[in-house]
K.L.:
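Below are the structure tokens for one structure; questions will follow.
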There are 2 protein chains.
Amino acid sequence: MALTDPTTRPAGPIVHPFIAKLDGFVALTEEAKAALKQASLGAHLIGPRIDLLREGDMPEGGILITEGIACRYKHRANGARQITAYLVPGDTCDLEFHPFREMDDAIATVSACRVARISAATLNELVAGHPTVAQALRMTALVDKATLREWLLNIGSRSAMERIAHLFCELFVRLQTVGLTAEDGYVLPMTQSDLADTAGLSSVHVNRSLQSLRRQGVIDLKGKNLTILDWARLKTIAEFKANYLHLGDRAAA
Amino acid sequence: MALTDPTTRPAGPIVHPFIAKLDGFVALTEEAKAALKQASLGAHLIGPRIDLLREGDMPEGGILITEGIACRYKHRANGARQITAYLVPGDTCDLEFHPFREMDDAIATVSACRVARISAATLNELVAGHPTVAQALRMTALVDKATLREWLLNIGSRSAMERIAHLFCELFVRLQTVGLTAEDGYVLPMTQSDLADTAGLSSVHVNRSLQSLRRQGVIDLKGKNLTILDWARLKTIAEFKANYLHLGDRAAA
DNA sequence: CCGAGCGATTAACACACGTTATAGACGTGC
DNA sequence: GCACGTCTATAACGTGTGTTAATCGCTCGG
């Protein structure tokens with residue numbers, strides 16, 4: 001029963017991942033949910049590999065991803081790129097909005113995405129009118145920071161294979177909470193070059209590490225389909241603990 | 001005139017770095033300043049290398065550093081440690097507080113520190129009663145996140161020497177805004193082993209990189225006294241841009 | 001149907017960085 | 001004044017990862 005209960009383990013993508021996410025952190029009132037629904041109307045479809053915001057931009061409002069995967073990244077003068085976060089459906093950026101702030105990094109789609117822009121005005125209304133929303137948004141900011149710290153640990157102290165395993169674990173858990181995983185895998189739209197820029201590795205070495213994970217029978221990766229053949233092993237390799245995502249009882253088994 | 005004007009370039013440590021920091025982000029009302037002063041009373045002196053919060057703790061409130069330098073860090077099972085942030089006077093942690101949240105990392109002093117604990121109750125009063133404080137706190141959270149992203153770029157894509165140079169640049173600018181730098185240097189309480197755990201390097205290689213910076217005449221480091229002999233060069237090596245700190249016109253020259 | 005381009009793969013080689021070990025310098029407590 | 005621990009420094013050696021480059025397979029546009 002529990003396995004098929006759509007409220008605990010959705011069979012497909014959930015309709016309003018953002019509302020579900022916030023509601024998971026802080027129980028929202030019905031009015032708050034309605035307001036959020038209203039605010040996330042008018043999402044646009046945007047193709048893959050498109051910049052949503054660039055370094056130096058002064059966004060009027062924030063961004064909400066409702067479908068697809070996007071990323072935050074920074075560029076160096078020599079052309080090197082560091083991806084600092086992945087945004088999955090339900091994730092936002094710059095909702096903890098502050099006027100007159102210049103972007104110090106950029107945001108781009110990885111796969112095609114559905115993106116809603118939320119203006120500063122509606123954001124202020126949301127926060128002012130719905131304390132539960134304000135509290136939940138503060139929680140998302142905390143989780144964002146905790147995730148950045150975990151990535152720092154990942155890049156700073158783990159080996160190449162461990163880093164990639166950790167990323168795969170994190171994405172599995174995060175996508176699972178929005179109903180975007182199959183039982184044993186998910187769609188991974190990043191290229192090996194993206195993974196390299198995420199993990200602080202060269203794309204050649206990412207390939208080597210993937211081969212190693214494959215040879216050990218831990219994963220299978222064909223095209224954009226990642227299958228996790230041995231979840232326990234993957235978690236062990238990555239030394240993955242989901243506590244930093246602060247999912248509470250929504251955490252995956 | 002401008003150089004000696006204590007409001008723009010304080011000659012010594014400023015008395016309430018936290019208030020100055022928030023006021024720099026969002027102009028605070030006099031009542032807000034008074035309330036913040038009240039809240040930060042009763043700071044305790046704590047020795048070096050003492051844990052303030054441990055992973056798994058459920059802090060009742062937040063922490064404010066008024067003197068000394070502390071750090072956030074995470075441990076791995078194999079004993080490896082990753083330092084994810086340094087807290088200088090005026091910095092806080094977990095003020096964007098959320099009830100029933102378990103720490104997913106730890107906080108410890110590096111040098112001896114003066115530390116104020118701010119309870120959830122006074123924090124709620126501050127935020128509810130002073131919108132400017134709430135807004136400024138949101139800004140600090142944004143800067144924290146931007147700093148984490150910059151660190152990710154640092155560790156993920158820069159060489160050993162560049163990473164260390166970047167850290168030295170960042171600390172110089174941050175300490176300067178709270179009046180804790182000399183004209184050409186500051187006190188660096190971290191050991192080389194700390195720097196290693198910060199930059200994702202071995203302590204041996206940190207030493208090698210420091211020697212290299214010394215040989216080039218960029219820095220001098222005797223004991224805990226860091227002297228920057230060639231600031232322009234150091235910035236170039238680190239490819240340092242202070243924009244992610246969002247200091248506006250408080251940024252160093 | 002063909003060429004162009006991008007992504008994945010693999011090989012060969014180079015080097016930045018890690019590991020282990022030892023010794024010296026410094027402070028600190030007894 | 002001595003023993004001790006901690007931090008810095010340096011050497012020798014090993015290796016994980018980067019670099020360059022070539023090949024192969026797709027997909028997509030014409």
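We name chains A, B, ... by the order of the sequence lines, and we start the count at 1 in each one.
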K.L.:
For the pair A:Q82 (side chain) and A:D197 (backbone), establish whether a donor and an acceptor sit closer than 3.5 Å, ignoring hydrogens and angles.
P.N.:
yes
K.L.:
Would you compute the distance between atom CG of B:L201 and atom NE2 of B:H205 and round it to the nearest 0.5 angstrom?
P.N.:
6.0 Å
K.L.:
Write down the protein N/O and nucleotide N/O pairs, taken from nucleotides 24-30 of chain C, whose separation is under 3.5 Å; answer none if there are no such pairs.
P.N.:
none

K.L.:
Using nucleotides 12-21 of chain C, report all nitrogen or oxygen pairs with the protein that are shorter than 3.5 Å.
P.N.:
| residue | atom | partner | partner atom | Å |
| --- | --- | --- | --- | --- |
| C:dC17 | OP1 | B:A160 | N | 3.2 |
| C:dC17 | OP2 | B:H205 | NE2 | 3.2 |
| C:dC17 | O5' | B:H205 | NE2 | 3.3 |
| C:dG18 | OP1 | B:S202 | N | 3.2 |
| C:dG18 | OP2 | B:S202 | N | 3.0 |
| C:dG18 | OP2 | B:S202 | OG | 3.0 |
| C:dG18 | N7 | B:R208 | NH2 | 2.8 |
| C:dG18 | O6 | B:R208 | NH1 | 3.4 |
| C:dG18 | O6 | B:R208 | NH2 | 3.3 |

K.L.:
Using a 4.0 Å heavy-atom cut-off across all strands, classify A:R214 as base, sugar-phosphate, or nothing.
P.N.:
sugar-phosphate
K.L.:
What is the distance, rounded to the nearest whole Å, between atom CG of B:L195 and atom C1' of D:dA9?
P.N.:
15 Å
K.L.:
For C:dA8, does OP1 or OP2 lie under 4.0 Å from any side-chain N or O of A:N207?
P.N.:
no
K.L.:
Out of A:R149, A:K145, A:E170, which one pairs with A:Y244 under the side chain to side chain donor-acceptor pair (under 3.5 Å) rule?
P.N.:
A:E170
K.L.:
Could you pull out the closest heavy-atom pair between A:Y73 and A:D105, with the gap in Å?
P.N.:
O-CB, 3.4 Å
K.L.:
How many Å lie between CG on B:D194 and P on D:dC7, as a whole number?
P.N.:
8 Å
K.L.:
With a 4.5 Å cut-off on side-chain heavy atoms, are B:I63 and B:V115 touching?
P.N.:
yes
K.L.:
Whole angstroms only, please: what is the CG-P distance between B:L210 and D:dC7?
P.N.:
15 Å
K.L.:
So, for A:G200 and A:I155, which heavy atoms are closest and what is the spacing to 0.1 Å?
P.N.:
N-CD1, 4.2 Å
K.L.:
Between the main-chain N or O of B:R233 and the side-chain N or O of B:D230, is there a donor-acceptor pair closer than 3.5 Å?
P.N.:
yes
K.L.:
For B:S157 and B:N154, indicate whether the former's side chain and the latter's backbone hold a donor-acceptor pair under 3.5 Å.
P.N.:
no
K.L.:
Rounding to an integer number of Å, can you tell me how far B:K222 NZ sits from D:dA9 C1'?
P.N.:
16 Å
K.L.:
Are any side-chain N or O atoms of B:R72 and backbone N or O atoms of B:A106, one a donor and one an acceptor, separated by less than 3.5 Å?
P.N.:
no
K.L.:
B:L213 CG to D:dA9 P: how many Å, rounded?
P.N.:
12 Å
K.L.:
I need the CD-P distance between B:Q192 and D:dT8, as an integer number of Å.
P.N.:
4 Å
